[in-house]
Amino acid sequence: MNLFSEIRELVIEQLTAMQAEGTLPEGLDFKNVAVEPPRDALHGDMATNAAMVLAKPAKMKPRDIAEALAAKLASDDRIDTAEVAGPGFLNLRLDAGLWRDLVKSVLETGTDFGRSDMGQGKKVNVEYVSANPTGPLHVGHTRGAVFGDALASLLDFAGYDVTREYYINDGGAQVDVLARSVYLRYLEAHGQEVAFEDGTYPGDYLIPVGEALKDKVGDAYVGQDESVWLAEIRLYATDAMMDLIREDLKALGIEMDHFFSEKALYGTGLIEGAIASLENKGLIYEGVLEPPKGKKPEDWEPREQTLFKSTDHGDDVDRPVKKSDGSWTYFAPDIAYHFDKVQRGYDLLIDIFGADHGGYVKRMKAAVSALSDGQTPIDIKLTQLVKLFKNGEPFKMSKRAGTFVTLRDVVDQVGADVTRFVMLTRKNDAPLDFDFDKVLEQSKDNPVFYVQYAHARVCSAVKKASDAGIDIADATIADADLSLLSDPAEIAVAKKVAEWPRLVEIASRTNEPHRIAFYLYELASEMHSLYHTGKDKPELRFVQEDNPTTTQAKIALARSVAIVISAGLGILGVTPAQEMR
RNA sequence: GCACCCAUAGCUCAGCUGGAUAGAGCGCUGCCCUCCGAAGGCAGAGGUCUGAGGUUCGAAUCCUCAUGGGUGCGCCA
């Protein structure tokens, strides 16, 4: 039940009636008519811009339309008052019963309250993380992982059929580097002195892999040429790394539906097929790229390569799919992978990239546009950098030195819930400061705590009511006499709860899960505010021990807040706290 | 050189499909527990929304240009 869309339907209905009566001309487009919460609560509960939007096409004065519409709306039971204001806004005050019905509805539907059918079951593929299988996930991956996972949950909540997918980059030269690095650790396990030169991965995480390899094959590879062991160890090592990554994801509470291996594309004809598909559209040619202007690489020399005419689909320059030696560039399997996704019949593709991959957005969009003849929309979200702080000092990361901060470093210190929430308190395209101390602080400066505390307070009130022998089961209080909730402070909370379904739709339309986090903060704030009003006004306390009926109504309101917080945190992948410690 | 992202209060950031007097936290100035609901609440000060044009009844939001910051730019993935 979305009150805003319900009232919008009412507005459209009345506008249509006005057309039938001749008050408004025929042929008007109502799509821009909106019903929204007004910026200032003094203006009422909802406002519509209908008169202003329609004034021009109807060739009428906005206020005239507004006056006529106001008269119509005021006759509806649900509308208390409809007032024209400003340039032609129509401010509506709703019957208080609507808010009470809403609370009842929340209790009846539980955390499914706010689920939307706007996705209409459309198939969406959300690809995220997709880190190279060469080591544990680091902080940058963590943000992408949290963002992608929350977005997937959000879209699911909004009625889409969501697939969570991870593309394993296990086909390139970096896995050879991995294999050689593991080989060094393997020799080390046999007691040899080894040196990690540039171009190898020196991280400690490969030590157990080398040891396990020794346990598995004994000394079979010792002193052998690369040709003997490279392919075997590559396979072994990438498997081990993927196990590691799966563990990392699990620590964050993330489970993928599907892992797609780049390696599996080779030798199957899939890459050739995808490129052939582009070729059939006349988008593949042999040519020489212009050198980049300004910062020209010193060793630049013109080379003829196989190019994808991505400029036909919005890119700035055409992109090579083959190196000058005839082998595929990394872009070719990427094209094949996205071709596969298109062919799997998704209605929408979403890719989550790190900010350092911003340069690939246009070419990927161009590829999908070309491969699907513009039929499959793709949205690519970039997650900006995370800056880590501890004791106010920046945390240095250096992958080369093997001392980069891993996902585990973060999750082990602050927990998955805090990690996830904090990473979602910023727009994906804004850089994020992550301070190990601040995120654990128990104060209102810390949104994680603040929201959790609001939920815990409800739990505590519910427990107190229960201890007083009052039946406060959701099923019971859904039928409580909610007309006992009449104080403006209480109605204000109900109104905030009522915004939840609308918020879900906005967040999913824009693919911006951070809006959930901000909304939860606002909702928590309303909750804390009401809670404290009860200090000065005992009649507003949730638990009235001598009055079970009133208590049930008040607990109903509190529970509706807790339910929405649970649902919201659920989308973010955070567990609501029953109590604070 | 080109492309993409960003610029909102002293600081960190929200701001919906373009809507009314641009919001929140921190910090600052006050107020609220003789523990029975202060890990909190209430109030105040603080803004030419980087700048200049444009579109519009209406612009922080859309367009153009400028300035400042970030990221990326064939034979790495």
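Hydrogens, waters and symmetry mates play no part in the numbers below; they use all other heavy atoms, side chains included.
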Enclosure of A:E197 CD (heavy-atom neighbours >12, cutoff 6.0 Å): no
Sugar-phosphate, base or nothing in reach of A:A85, heavy atoms under 4.0 Å: base
Nucleotide paired to B:C42 in any strand shown, Watson-Crick or G-U, under 3.5 Å: B:G30
B:G41 phosphate, OP1 or OP2, under 4.0 Å from A:K535 side-chain N/O: no
Residue matched to B:U12 through Watson-Crick or wobble contacts both under 3.5 angstrom: B:A24
Min side-chain heavy-atom separation A:L270-A:F339 under 4.5 Å: no
A:K322 side chain near B:C75 phosphate (N/O to OP1/OP2, under 4.0 Å): no
A:Y450 and A:Y521 aromatic centres sub-6.0 Å: yes
Heavy-atom side-chain contact between A:I516 and A:L424 under 4.5 Å: no
Whether A:F260 and A:Y337 hold their rings parallel, tilted or perpendicular, with breakpoints at 30° and 60°: tilted
Salt-bridge criterion met for A:K341 and A:D351 (N-O under 4.0 Å): yes
Sugar-phosphate only, base, or nothing, as touched by A:D325 at under 4.0 Å among non-hydrogen atoms: nothing
Side-chain N,O (A:R509) to OP1/OP2 (B:C16) below 4.0 Å: no
Gap between atom OG1 of A:T306 and atom CH2 of A:W328 - 0.5 Å precision: 7.5 Å
Flag, side chain of A:T551 to backbone of A:Q544, donor-acceptor distance under 3.5 Å: yes
Sugar-phosphate only, base, or nothing, as touched by A:Y450 at under 4.0 Å among non-hydrogen atoms: sugar-phosphate
Watson-Crick or G-U wobble partner of B:C65, both distances under 3.5 Å: B:G51
Would you tabulate the nitrogen or oxygen pairs shorter than 3.5 Å linking the protein to nucleotides 6-10 of chain B?
| from | atom 1 | to | atom 2 | distance (Å) |
| --- | --- | --- | --- | --- |
| B:C6 | OP1 | A:D429 | OD2 | 3.3 |

Distance between P atoms of B:U48 and B:G10 (Å, rounded): 8 Å
Sugar-phosphate, base or nothing in reach of A:R319, heavy atoms under 4.0 Å: nothing
A:P133 versus A:D170, closest heavy-atom pair with distance: CG-CB, 4.0 Å
Sugar-phosphate only, base, or nothing, as touched by A:V288 at under 4.0 Å among non-hydrogen atoms: nothing
Nucleotide opposite B:G1 in a Watson-Crick or G-U pair, distances under 3.5 Å: B:C73
Sugar-phosphate, base or nothing in reach of A:R426, heavy atoms under 4.0 Å: sugar-phosphate
Whole-Å P distance, B:A66 and B:A59: 24 Å
B:C26 versus B:U64 - spacing of their P atoms, nearest Å: 39 Å
Members of residues 60-70 of chain A that approach RNA chain B, where some heavy atom sits under 4.0 Å away: none
A:H514 NE2 - B:C16 C1' separation (whole Å): 10 Å
P spacing across the pair B:C2 / B:U61, given as an integer number of angstrom: 25 Å
Distance below 4.0 Å between A:Y330 side-chain N/O and B:G74 OP1 or OP2: no
Euclidean distance for P, B:C65 against B:C5 (whole angstrom): 14 Å
A:K263 atom NZ, over 12 foreign heavy atoms within 6.0 Å: yes
A:L90 and A:T48, any side-chain heavy atoms less than 4.5 Å apart: yes
Under-4.0 Å side-chain N/O to phosphate OP1/OP2 contact, A:H357 with B:A3: no
N or O in side chain of A:S529 less than 4.0 angstrom from B:C42 OP1/OP2: yes
Sugar-phosphate, base or nothing in reach of A:L382, heavy atoms under 4.0 Å: nothing
pair A:F542-A:V462: side-chain heavy atoms closer than 4.5 Å: no
side-chain N/O A:R515 vs B:G15 OP1/OP2, d < 4.0 Å: yes
Sugar-phosphate, base or nothing in reach of A:N169, heavy atoms under 4.0 Å: sugar-phosphate
B/S/- contact track for nucleotides 21-31 of chain B, protein heavy atom under 4.0 Å: -S-SSS-----
Between B:G53 and B:U67 - C1' atom distance, rounded Å: 15 Å
Inter-nucleotide P distance (B:U29, B:A45), Å rounded: 16 Å
Sugar-phosphate, base or nothing in reach of A:A47, heavy atoms under 4.0 Å: base
Touch class at under 4.0 angstrom, heavy-atom based, for A:E522 against every strand present: nothing
Touch class at under 4.0 angstrom, heavy-atom based, for A:F518 against every strand present: sugar-phosphate
Side-chain touch A:H528/A:Y453, heavy atoms, less than 4.5 angstrom: yes
salt_bridge(A:E499, A:R502) N-O dist < 4.0 Å: no
Touch class at under 4.0 angstrom, heavy-atom based, for A:D315 against every strand present: nothing
Presence of A:Y453 side-chain N/O under 4.0 Å of B:A39 phosphate oxygens OP1/OP2: yes
Test: A:E490 and A:K554 ion pair at under 4.0 Å: yes
